[in-house]
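For reference, the structure discussed in these notes is given below.
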Amino acid sequence: MKRKRVPIYTGFERFWHWTQAILILFLAFTGFEIHGSYTFFGFEEAVRYHSVAAYLLLALIVFAIFWHFTTGEWQQYVPTLKNIRAQLDYYLFGIFRNAPHPTRKSVLSKLNPLQRITYFSLKVFLIPLAVVSGLLYMFYRYPTRYGIEAINIGSLKFIALAHTVGAFLLVAFVILHVYMTTTGETVFSNLRAMITGYEESEEPATLSSMEGQQA
Ligand code: HEM
């Protein structure tokens, strides 16, 4: 069968994906130093780098939200139960028997039902948990001058706990995510698609093959 190059990811999407990945890994690395897990930069430098990376992540999130809504790409992340059984069966059993992928990627529908649920939860619960708790960590007494108490949270305990839980869950997500990227047509085909924007495919994505993935 003829191989075809199918466009999947736009330039902005790839830029956003890799920048977010680098920032989250760097935030985890500096964050766990602040947490006391090891010493690398030294506490004060780690705090400074963590804050700079946090502001960069916030700026990236603003651009990503704008992109999702202006392009309509947000619709790709609406969770669906359609085909979820087939997708679960594939990851639990089919994958070990060399079964074909139950869903096919296209630029109009690039996420399978399990990815939709996972990325939806990531965007709506997990990243906001890390970001909001991180901002509260920074500004739990704000402003600190003139005796104004716009934000004055008595104890950092719950904020620190929420932020650390968010950080552990994000690290768990990254580990699972990296494993899942190897489950494409070949071990590196998904990774290559996120770098080049194109996926190599045996046959063109037809409307019927995409049907199962639409919300
Ligand atoms: C916009 C996003 C974020 C902001 C504003 C933020 C902010 C902060 C602040 C202010 C601290 C405390 C620093 C200090 O003690 O002076 C902190 C600690 C920490 N951050 Fe973040 N952070 C963000 C994202 C992340 C991410 C994505 C991760 C990990 C994947 C992470 C992991 C950690 C960890 C593990 C700690 C130590 C928590 C503790 O032991 O209490 N942070 N962060």
Side-chain angles (χ1 to χ4, degrees), residues 9 12-70 73-74 76-77 79 111 114-183 190-191 194-195:
Y9 302 113
F12 174 79
E13 207 167 7
R14 285 175 282 144
F15 162 77
W16 160 58
H17 173 272
W18 290 116
T19 315
Q20 175 167 275
I22 291 167
L23 286 174
I24 288 184
L25 286 176
F26 188 71
L27 282 159
F29 188 69
T30 47
F32 282 104
E33 172 160 9
I34 298 168
H35 189 64
S37 307
Y38 45 80
T39 305
F40 186 81
F41 294 117
F43 182 82
E44 293 204 345
E45 289 292 287
V47 170
R48 187 154 1 131
Y49 293 150
H50 195 79
S51 303
V52 172
Y55 283 123
L56 290 176
L57 182 64
L58 282 173
L60 186 68
I61 288 173
V62 170
F63 280 111
I65 290 175
F66 182 76
W67 176 81
H68 275 82
F69 284 102
T70 51
E73 282 291 304
W74 64 270
Q76 301 236 16
Y77 297 86
L111 303 175
L114 277 181
Q115 286 173 316
R116 280 182 182 243
I117 290 184
T118 311
Y119 297 154
F120 178 82
S121 314
L122 184 76
K123 285 162 189 272
V124 172
F125 303 114
L126 195 46
I127 291 184
L129 172 68
V131 169
V132 172
S133 59
L135 287 173
L136 285 174
Y137 219 144
M138 274 180 183
F139 300 111
Y140 76 110
R141 292 233 167 101
Y142 181 82
T144 43
R145 281 182 288 172
Y146 314 122
I148 306 166
E149 291 182 356
I151 305 179
N152 189 357
I153 299 172
S155 158
L156 261 184
K157 213 166 99 191
F158 292 110
I159 296 171
L161 189 67
H163 199 64
T164 309
V165 168
F168 271 109
L169 290 176
L170 271 173
V171 170
F173 165 79
V174 171
I175 293 169
L176 192 66
H177 182 68
V178 172
Y179 163 68
M180 295 307 267
T181 65
T182 65
T183 64
N190 285 344
L191 178 67
M194 195 43 102
I195 295 171

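Note that the structure is predicted; figures quoted are calculated from it, not measured. Both counts, for ligands and for their atoms, begin at 1 and track the order of listing.
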How far is atom 31 (C) of ligand 1 from its nearest protein heavy atom, and which residue and atom is that?
His50 CE1, 3.5 Å

Determine the minimum heavy-atom distance between Pro79 and Ile117, stating which atoms define it.
CB-CG1, 4.0 Å

I want to check something: taking the side chain as every heavy atom from C-beta on, are Thr118 and Phe173 in contact at a cut-off of under 4.5 Å?
yes

Check ligand 1 against Val47 and write out every atom of the ligand that is under 4.0 Å from a heavy-atom position of the residue.
16 (O)

Could you tell me whether the side chain of Glu33 reaches within less than 4.5 Å of the side chain of Phe41, counting heavy atoms only?
yes

Minimum side-chain heavy-atom gap Tyr49-Ile34 below 4.5 Å:
no

Atom 38 (C) of ligand 1 sits nearest the protein heavy atom Thr164 OG1, 3.4 Å

Minimum-distance protein heavy atom relative to atom 28 (C) of ligand 1
Leu27 CB, 3.9 Å

Val47 vs Thr30 side-chain heavy atoms within contact, under 4.5 Å:
no

Starting from atom 23 (C) of ligand 1, what is the nearest protein heavy atom, named by residue and atom, and what distance separates them?
His163 CE1, 3.4 Å

How far is atom 36 (C) of ligand 1 from its nearest protein heavy atom, and which residue and atom name does that atom have?
Gly31 O, 3.4 Å

Starting from atom 6 (C) of ligand 1, find the nearest protein heavy-atom neighbour and note its residue, name and distance.
Gly134 CA, 3.5 Å

Under 4.0 Å, counting heavy atoms only: does Val171 come that close to any atom of ligand 1?
no

With side chains defined as the heavy atoms from C-beta onward, is the minimum distance between Thr181 and Met194 less than 4.5 Å?
no

Using a strict 4.0 Å cut-off to heavy atoms of Ala54, name the atoms of ligand 1 that fall inside it.
1 (C), 2 (C), 3 (C), 4 (C), 5 (C)

Taking CZ in Phe63 as the centre, count heavy atoms belonging to other residues, nucleotides or ligands within less than 6.0 Å. Is the count above 12?
no

If you count heavy atoms of other groups shown closer than 6.0 angstrom to OH of Tyr38, is the number above 12?
yes

For atom 41 (O) of ligand 1, grab the closest protein heavy atom and report residue, atom and distance to one decimal in Å.
Tyr137 OH, 2.6 Å

If we number the atoms of ligand 1 from 1 as shown, the ones under 4.0 Å from a heavy atom of Leu170 are 27 (C), 30 (C)

Please report the C-alpha distance between Asn190 and Thr182 in whole Å, then the side-chain angles of each, then the deciding distance to 0.1 Å, and finally whether the side-chain contact (heavy atoms from CB on, under 4.5 Å) criterion is met.
CA-CA 7 Å; Asn190 285 344; Thr182 65; over 6 Å; no

Counting non-hydrogen protein atoms only, what is the nearest one to atom 15 (O) of ligand 1? Give residue, atom name and distance.
Ile34 CG2, 3.6 Å

I'd like to check which ligand 1 atoms, numbered from 1 as shown, lie under 4.0 Å from a non-hydrogen atom of Leu135.
5 (C)

Which of the numbered atoms in ligand 1 are below 4.0 angstrom from a heavy atom of Ala160?
41 (O)

